[in-house]
There are 2 protein chains.
Amino acid sequence: MPSQQVAIDRVFHALGDSTRRAILQKLSSGPVTVSRLAKPLKITLAAVVQHLQVLEDSGLVQTEKTGRVRTCSIEPRGLTLAERWISERRSLWERRLDRLGQFLAEEDKNRS
Amino acid sequence: MPSQQVAIDRVFHALGDSTRRAILQKLSSGPVTVSRLAKPLKITLAAVVQHLQVLEDSGLVQTEKTGRVRTCSIEPRGLTLAERWISERRSLWERRLDRLGQFLAEEDKNRS
DNA sequence: GGGATTGTCAAGCAGATACTTAAGTATCGG
DNA sequence: CCGATACTTAAGTATCTGCTTGACAATCCC
């Protein structure tokens, strides 16, 4: 069981590549096979498979093979992890700004 | 003016490194100078400055130099960009699942 | 069976990336 | 003015990444 930290690391690393984000983009409107995924991209099928490996390891994509065809779909778990990390940092930051704003308002009131 | 695509690319690339995320983590509880930022990290100050350059170029961090001290703080613009990208893909995906669920429910009803 | 389709695996390589070291600049405090 | 502080910049390097090629399954369908 990978620690939360490692999982976050994997997810953001995976999202760091634009080709992988393009794959997620495509998958967000429904499951697609590997070869159909590769069609619009200007890279080899082998390269696409390597990206898919990264995406799967990071919990962003789930794949299932039936017969000789592998079908890929989005796994929301990974996206949720990333989304939560961002929103946590953001809310921390915003809460701080709130406190600062309150403090300044207090100051202002006391000055009158 | 960088296209939205380039901006997204920069943000996710910046978030892809764990040291840079650690910097954001630290900054989320308030502005910090460069050298204080470098203290807990096990890398050179020069390396930290390089990371800060990336973070600033991607709109995740804002810095200001007064005297010889550079103070860094979070710039929410970058985080918002990333957050929105993720939530857009997620909502696309979830809407699709909703339609699928509705379809299956219809099927089930008609089968009786 | 046999040819076509769909994917997998393993090297290998060019360029990107994170880091270090070393030398330099600017500012502060006494 | 001078030493200490706080960066800044440039160059070099070792490792990582994304990609290709080429050989190899496994499955489908005629």
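Lettering of chains follows the sequences in order, A, B, ..., and the numbering in each one begins at 1. Nothing here was measured: the structure is a model prediction, and the numbers come from that model.
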request  = Respond yes when some side-chain nitrogen or oxygen of B:R70 is under 4.0 Å from OP1 or OP2 of D:dT8, and no when none is.
outcome  = yes
note = Rounding to the nearest 10°, end axes of the helix from C:dG1-D:dC30 to C:dG30-D:dC1 built from five pairs each make an angle of 30°
inquiry  = Return the CZ to CG distance between B:R20 and B:L52, rounded to the nearest 0.5 Å.
reply    = 10.0 Å
task = Starting from C1' on C:dT17, measure out to CG on B:D9 and report it in whole angstrom.
result = 15 Å
ask   = Are any of B:T19's side-chain N or O atoms less than 4.0 Å away from OP1 or OP2 of C:dC19?
value = yes
inquiry  = OP1 or OP2 of D:dT17 versus the side-chain N and O atoms of A:H13: is any pair under 4.0 Å?
reply    = yes
message = Counting the atoms with a prime plus P, OP1 and OP2 as sugar-phosphate, which does B:R20 contact under 4.0 Å by heavy atoms, base, sugar-phosphate, or nothing?
response = sugar-phosphate
key: Of the listed nucleotides D:dC7, C:dT6, D:dC19, the one nearest the side chain of A:V69   = C:dT6
Polar pairs (N or O, both sides) under 3.5 Å between protein and nucleotides 26-30 of chain C?
residue, atom, partner, partner atom, Å
C:dT27, O2, B:R68, NH1, 3.3

request  = Select base, sugar-phosphate, or nothing to describe what B:L45 touches, counting heavy atoms under 4.0 Å on all strands.
outcome  = base
ask   = Is the backbone of B:V6 close enough, under 3.5 Å, to the side chain of B:S3 for a donor and an acceptor to pair up by distance?
value = yes
query = Just how far, in rounded Å, is C1' of D:dG18 from CG of A:L55?
reply = 13 Å
key: Cationic N near anionic O, under 4.0 Å, A:E64 to A:R70   = no
Using the 3.5 Å cut-off, write out each protein N or O paired with an N or O of nucleotides 21-25 of chain D and the distance between them.
none

query = Does B:K65 have a side-chain nitrogen or oxygen under 4.0 Å from the phosphate oxygens OP1 or OP2 of D:dT8?
reply = yes
query = Are any of B:H51's side-chain N or O atoms less than 4.0 Å away from OP1 or OP2 of C:dT17?
reply = no
